[in-house]
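Below: the structure, in structure tokens.
In this chain, residues are counted from 1 in sequence order.
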Amino acid sequence: MGTVIDTLNEWIWSRGLIFLCLGAGIYFTIRSRFLQVRHFSHMISLMFKGESSESGVSSFQALAMSLAGRVGAGNIVGVATAIAFGGPGALFWMWATAFLGASTSFVECTLGQIYKTKDPLTGEYRGGPAYYFHRALRHTRASGLFKIYALLFAAVTVLACGVLMPGIQANSMAESMHTAWPSIDKWVFGTASALILGFVIIGGVKRIANFAAVVVPFMAIVYIALAVVVVLINADQIPETIRLIFSSAFGLDAGFGAILGSAIMWGVKRGIYSNEAGQGTGPHAAAAAEVSHPAKQGLVQAFAVYIDTLFVCSATGFLILSTGAYRVYNDESVAGGILQNTPLFDGVEPDPEPGATYVQVGFDTLWSGAGASFVAISLAFFCFTTIIAYYYMAETNLRFLLGKAATTFIRPLRSTLGRDLTLLLQATILVAVVYGAVTTPGKAWALGDIGVGAMAWLNIIGILILQQPAYKALRDYESQLSMGKDPVFDPKPLGIRGATFWESYSRTSTEKEVV
């Protein structure tokens with residue numbers, strides 16, 4: 001079974017996916033005229049505008065839900081792994097992926113808003129890649145093909161977010177806690193996490209959004225602040241750290257020149273896992289927002305990529321490199337032998353699964369013995385909120401798969417098909433969390449990477465085909481903004497079809513203005 005997983009992982013994460021992610025980011029960046037630079041300050045202002053409604057959450061809550069999915073094990077364990085197997089230069093390629101990915105995130109999240117709909121069971125906004133794959137070309141001859149494509153993406157997402165990806169978060173959380181408090185078994189942490197998770201997800205999107213809006217900003221600020229303190233204490237190492245990152249990113253450093261390809265591969269791979277740009281996860285949270293124009297939430301979600309990688313991942317990377325709390329391996333594996341060691345790891349046996357240990361050792365330089373506990377607590381917050389976001393995405397795609405059948409009443413059970421299968425999904429993800437906590441890190445990451453990669457392949461190819469409505473929305477938004485208006489979206493004058501929610505929304509807005 002392990003061989004099958006490894007083979008599938010290598011096939012999905014071939015160089016083709018790396019080129020696709022970077023190429024799409026470059027293309028979207030150029031086509032949007034460097035949107036992520038031009039609208040940088042505007043993105044920040046939009047985060048705190050707008051309010052929630054009975055059907056939707058506020059822009060900030062949607063951002064928090066998105067960050068809950070983005071800010072997780074990838075920001076700590078993922079960064080450490082990228083440095084271990086790709087060298088310091090991997091951090092640069094994570095930055096490059098984030099910068100280019102911001103434009104990709106805008107496209108996918110704006111499409112998520114344009115083609116959102118209301119859940120027939122709860123009345124909440126639902127949307128995401130499956131929805132825009134189905135709706136964007138429903139009026140064309142390609143309708144049937146894209147309906148199948150939408151169903152495929154939805155099925156893959158339910159499997160990835162409901163089964164494969166939660167294991168990474170649960171495993172990282174349990175491993176770090178067991179390291180900090182070895183007297184407690186990992187299954188205890190997994191079971192406790194599952195019980196708390198059950199309480200949150202049963203409350204629906206509103207409870208998820210409210211939970212994320214409080215926890216995500218708090219955990220990110222505390223983690224970044226303490227990481228910055230450690231970096232500043234080692235301020236004399238910052239110039240050398242920056243030099244090392246850039247020189248090894250382009251193969252100019254003698255010690256890391258031989259692993260340039262690995263630096264790019266691991267930087268992009270872990271960058272995508274961390275910031276999720278192009279993966280198709282962001283549009284689910286974006287669609288839940290109550291905004292007057294899809295481009296508003298598209299811009300907010302583009303900024304989420306910056307928060308995740310340029311802030312949180314950079315804090316981790318600089319913490320590790322400035323303190324010298326790392327070692328780099330040959331051939332992208334521990335079995336390849338040590339390429340470079342640092343004084344902090346002299347005489348220390350190679351860790352079979354490099355990861356959180358680097359960050360723990362880095363924090364120990366500030367307060368000896370406290371690093372393991374602080375990283376364990378940080379990962380508990382990061383990983384738990386990410387699992388919650390995964391559940392929300394899995395539920396959204398399950399609802400898409402069911403369609404109108406979700407409201408079918410099952411007399412023996414005295415419930416609807418949608419509610420029963422939702423309960424089954426909730427039970428499945430709780431089991432996945434417990435299993436992920438007790439399995440090996442290697443197996444957990446391999447399964448998670450399969451889920452991330454499969455979603456990214458399907459979503460990026462899809463948005464390259466369907467991108468036009470997102471850019472029409474952007475031009476319309478910028479035009480209204482230049483006239484001093486608070487932009488309101490009407491898809492019909494723009495020639496955008498299939499945006500049924502916005503067709504009724506624009507009519508309501510017009511009626512209000514007439515009155």
### Message
Donor-acceptor pair, distance only, cut-off 3.5 Å: does the side chain of His39 make one with the backbone of Gln36?
### Response
no
### Message
Under a 3.5 Å threshold, yes or no: a donor from one side chain and an acceptor from the other, between Tyr329 and Gln340?
### Response
no
### Query
Does Gly89 offer a backbone N or O that forms a donor-acceptor pair with the side chain of Ser248 under 3.5 Å?
yes
#### Entry: Contact summary for Ala130 and Ala154, nearest pair of heavy atoms
CB-CB, 4.0 Å
### Task
Applying side chain to side chain contact (heavy atoms under 4.5 Å, CB included), name anything that partners Ser373, two or more places apart in sequence or on another chain.
Ala180, Trp181
### Approximate separation, where rounding is to 0.5 Å, of Met265 CE and Phe85 CZ
13.5 Å
### Query
Relative to the ring of Phe246, is the ring of Trp95 parallel (under 30°), tilted (30 to 60°) or perpendicular (over 60°)?
tilted
### Task
Examine the side chains of Arg270 and Thr97 and answer whether a donor and an acceptor come within less than 3.5 Å of each other.
no
#### Entry: Taking every non-hydrogen atom, the tightest pair across Val328 and Pro88
CG2-CD, 4.4 Å
### Query
How far does CZ of Phe106 sit from CE of Met43, to the nearest 0.5 angstrom?
8.5 Å
### Task
Might you point out which heavy atoms bring Ala286 and Gln297 nearest each other, and give the distance in Å?
O-CG, 3.6 Å
### Summary
Shortest non-hydrogen pair, Gly448 vs Met165, comes out as O-CG, 3.7 Å
### Query
Just how far is it from atom CG of Leu91 to atom CG of Leu244, taken to the nearest 0.5 Å?
10.5 Å
### Query
Tyr306 and Phe40: aromatic ring centres closer than 6.0 Å?
yes
### Message
Tell me whether Thr323 contacts the main-chain N or O of Gly362 through its side chain, where contact means a donor paired with an acceptor under 3.5 Å.
### Response
no
### Message
Between Asn459 and Gln279, do the side chains contain a donor N or O and an acceptor N or O under 3.5 Å apart?
### Response
no
### Task
Please report the closest heavy-atom contact between Ala287 and Gly128, naming both atoms and the distance.
CB-N, 4.4 Å
### Message
Angle between ring planes, Phe363 versus Tyr223, binned at 30° and 60°: parallel, tilted or perpendicular?
### Response
perpendicular
### Message
For Leu425, give me all partners under side chain to side chain contact (heavy atoms under 4.5 Å, CB included), at least two apart in sequence or on another chain.
### Response
Val158, Tyr391, Ala394, Glu395, Leu398
### Message
How close do Thr396 and Gly127 get, counting heavy atoms only, and between which atoms?
### Response
CG2-O, 3.6 Å
### Message
Let me confirm one number: the CD1-CG distance from Ile221 to Leu226, rounded to the nearest 0.5 Å.
### Response
12.0 Å
### Query
side chain to side chain contact (heavy atoms under 4.5 Å, CB included) with Asn330: which residues, sequence neighbours excluded?
Leu339
### Task
Would you give the length of the straight line joining atom CZ of Phe303 to atom OG of Ser41, rounded to the nearest 0.5 angstrom?
10.0 Å
### Message
Would you compute the distance between atom NZ of Lys186 and atom CG of Asn171 and round it to the nearest 0.5 angstrom?
### Response
6.0 Å
